Structures are given as C-alpha cells and as structure tokens.
2 protein chains.
Amino acid sequence: MTRKSKQKEAILKTIRGTTLHPTAEWIYEGVRKEIPNISLGTVYRNLRLLKREGVILELDLAGSISRFDKEAQNHYHFRCEQCDCIVDLDEAVNTELNERLTRQTGFQIFYHRLEFRGLCNGCQS
Amino acid sequence: MTRKSKQKEAILKTIRGTTLHPTAEWIYEGVRKEIPNISLGTVYRNLRLLKREGVILELDLAGSISRFDKEAQNHYHFRCEQCDCIVDLDEAVNTELNERLTRQTGFQIFYHRLEFRGLCNGCQS
DNA sequence: TTAGGTGCAAAACCTTTGCCATCCC
DNA sequence: GGGATGGCAAAGGTTTTGCACCTAA
C-alpha cells in the first residue's frame, strides 16, 4: 500500500502552491529548498504515484514519442489507451470556440487541439 | 531556401502512404527500404522542416517535457505558443461530446483533452 | 559556385530503474 | 519484520547537433 513520506508531502505541497503547471524539474528545485538532498528520481516516482492515485494530472504524455500526421489541416483525433493507435475523426473543427474563448479570456487564440481517449474497436473485448 | 532531395521526398511519400500516425522511427524504417543508408537524423530534420512548412502535423498534445496540474479533474487548458505558459480555463467540460462520438465511431470514449493555443496577455504586444 | 542537405556519431535531454539503505506501519 | 520509499547513479529512449562531405540550383 501507499504510505506517507515527507518527500511526497513536500512534492504535493509544492505543486499545490503554484498556479503554474510546473515541470518535474521545477518541482524538484522547489522541494529542494525544504529537503536539500531529495533526488530527482524520487520526484518522478512520486509524481507517477500521485497521478496514478488521481491526485494530480499530467498534461502531456511524458517522454512520449512524437507522432506525425500527413494531414496538415487541424482536425481531431482519437487515441486508444490500450494499443495506442490514433485515428482521424470526421468531426468538424469548431472555430467559433476559439473566437468565444478569445473574447472571454483576452488571450489571442489561434487554434485548439482536441484528442479523445478510450478504447478502439479491437481493444474492447 | 529549401531545396528538394530524394530523402525528403521518400519521407513524405512514406507518411502519405499510411493512415497510421507514424513515429519517426517507423518512418525511418519505411524509408530505409528505399534508401537503405538514410540516417535517423535526416528523418528528424526533414520532419521538422515539413512541419514548419505546414505540410504535415505533429500530434503534440504532448510537449517534450511533462507538466503537472494540481487539479485532478479533467479541464481545459490554454498554452501560450511564445512563453509556453499554461493556464486553466474556466470552461465546462463537454461530456456529451464523448457520448456522441462513442455512438458515431464505435470507439469507447472515456474523456478528451482540449488545449487552446495562441498568445497570452503578456505576449501580445 | 555555394547554400542547403546528408550520414555518422556523439551529445543532449527527460525519464526510468537497479541497488541498497532507510523508514513507516 | 517486512514491504514501501528514498538517494544515488547509471541506463534508457527519443531527439538534436557538430562536422566533414555531397548535391541541387
């Protein structure tokens, strides 16, 4: 079972203490102020644990492999969480969303990326 | 200027010849059947070029570096293309989309990731 | 002719892992 | 005590880069 440690607590506190969406390295530097000899490996291990427990979210697929698409136009994708296949979706891109959120946020939004995750036909059994 | 080469053409042909969303390694293996001594570095260089020219798309809902979010619940993000800051958006998650696309595609969709891209306040000048 | 492309290998980069010591329950 | 966790360093996997050579324009 998962038990507590001061390292894990410090890591969580560091993440919760910022509105940035920090990298592992940033978290490591932050925690080091409290626990100077913590190791980067420990930070990674605990981030993975916290993610697995549903406490935090990882925004990108770490060290993930780049995949390329022959279609240059923006479109949406489905990715199977089991076999990792990627399929183009035949769904219109909602450009109004960009305009509405540009108005609402003040950010200048050019486009968006949308990816659905689940199980493809072959992996549902 | 960008000039043509048989390597670049073979790479593009290989990408266009599949509906998979291949990795650099897969493309490399494919092109090697035609140009056995092509190097992986060349593949990466040309992929970057083709992407920059808007010929292909890199499916980068993943950056190279993982970023973490203290919010565990799914929500949407904005990412600034200049300073790379990430901001949580106050926009309701559209779960109906998952249901509709599950019906339409036959895939079992659990959730989706949506990320807007553009310029944040500080980077619009 | 010459700027851009290539091959090769090494470096860079982020992340994971093995090993053994340490800690929590 | 014993399984979970940590520190350290080395390994792992993907991508980039330096350099000398080559090639398209």
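Naming: A, B, ... by sequence-line order, numbering from 1 per chain. These numbers come from a predicted model, not from an experiment.
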*Roughly how many Å is it from CD in A/Glu53 to C1' in D/dA4, rounded to a whole number?*
12 Å

*What integer distance in Å separates A/Asn37:CG from C/dA21:C1'?*
13 Å

*Taking it one step at a time, do A/Lys4 and A/Glu9 satisfy side-chain contact (heavy atoms from CB on, under 4.5 Å)?*
CA-CA 7 Å; A/Lys4 73 178 180 179; A/Glu9 279 162 22; 3.2 Å; yes

*Between D/dC22 and B/Arg3, is there an OP1 or OP2 to side-chain N/O distance shorter than 4.0 Å?*
no

*asked:* Could you tell me how far apart A/Arg32 (CZ) and D/dC8 (C1') are, to the nearest whole angstrom?
replied: 13 Å

*Among A/Arg48, A/Arg52, A/Lys51, find the residue that satisfies the salt bridge (Lys or Arg N to Asp or Glu O under 4.0 Å) test when tested with A/Glu58.*
A/Lys51

_Please check this pair: side chain of B/Asn74 against backbone of B/Tyr111, looking for a donor-acceptor N/O pair closer than 3.5 Å._
no

*Under 4.0 Å: is that the gap between some side-chain N or O of A/Thr2 and OP1 or OP2 of D/dA4?*
no

*Nearest-angstrom distance from the residue atom NZ of B/Lys6 to P of C/dG7*: 8 Å

_Whole-Å distance separating the CD1 atom of B/Ile11 from the P atom of D/dT15_ = 14 Å

*Rounded distance in Å - CD1 (A/Ile27) to P (C/dT15)*: 10 Å

*Give the nucleotide from the list D/dC8, D/dT15, C/dT6 with an atom nearest to the side chain of A/Arg45.*
D/dC8

*Calculate the interatomic distance between B/Tyr44 atom OH and C/dC8 atom P; express it in whole Å.*
17 Å

*Ion pair check, A/Glu115 and A/Arg79, cut-off under 4.0 Å*: yes

_What's the closest nucleotide to the side chain of B/Leu40 if the choices are D/dT15, D/dG7, D/dA25?_
D/dT15

*asked:* The side chain of B/Lys8 is closest to which nucleotide in this list: C/dG5, C/dT15, C/dG7?
replied: C/dG5

*Please determine, for the side chain of B/Arg48, which listed nucleotide (C/dC14, C/dG7, D/dT17) has the closest atom?*
D/dT17

*In whole angstroms, how far is the C1' atom of D/dT16 from the OH atom of B/Tyr28?*
15 Å

_It should be established whether B/Thr42 places a side-chain nitrogen or oxygen under 4.0 Å from OP1 or OP2 of nucleotide C/dG5._
no

*If only side-chain N and O atoms of B/Gln7 are considered, is one of them under 4.0 Å from the OP1 or OP2 phosphate oxygen of C/dG7?*
yes

*Pick the nucleotide of DNA chain D nearest each of A/Leu49 and B/Glu25; which residue has the one closer to the 5' end?*
A/Leu49

_N/O donor-acceptor pair under 3.5 Å between B/Thr102 side chain and B/Asn98 backbone_ = yes

_Side-chain N,O (B/Ser5) to OP1/OP2 (C/dT6) below 4.0 Å_ = yes

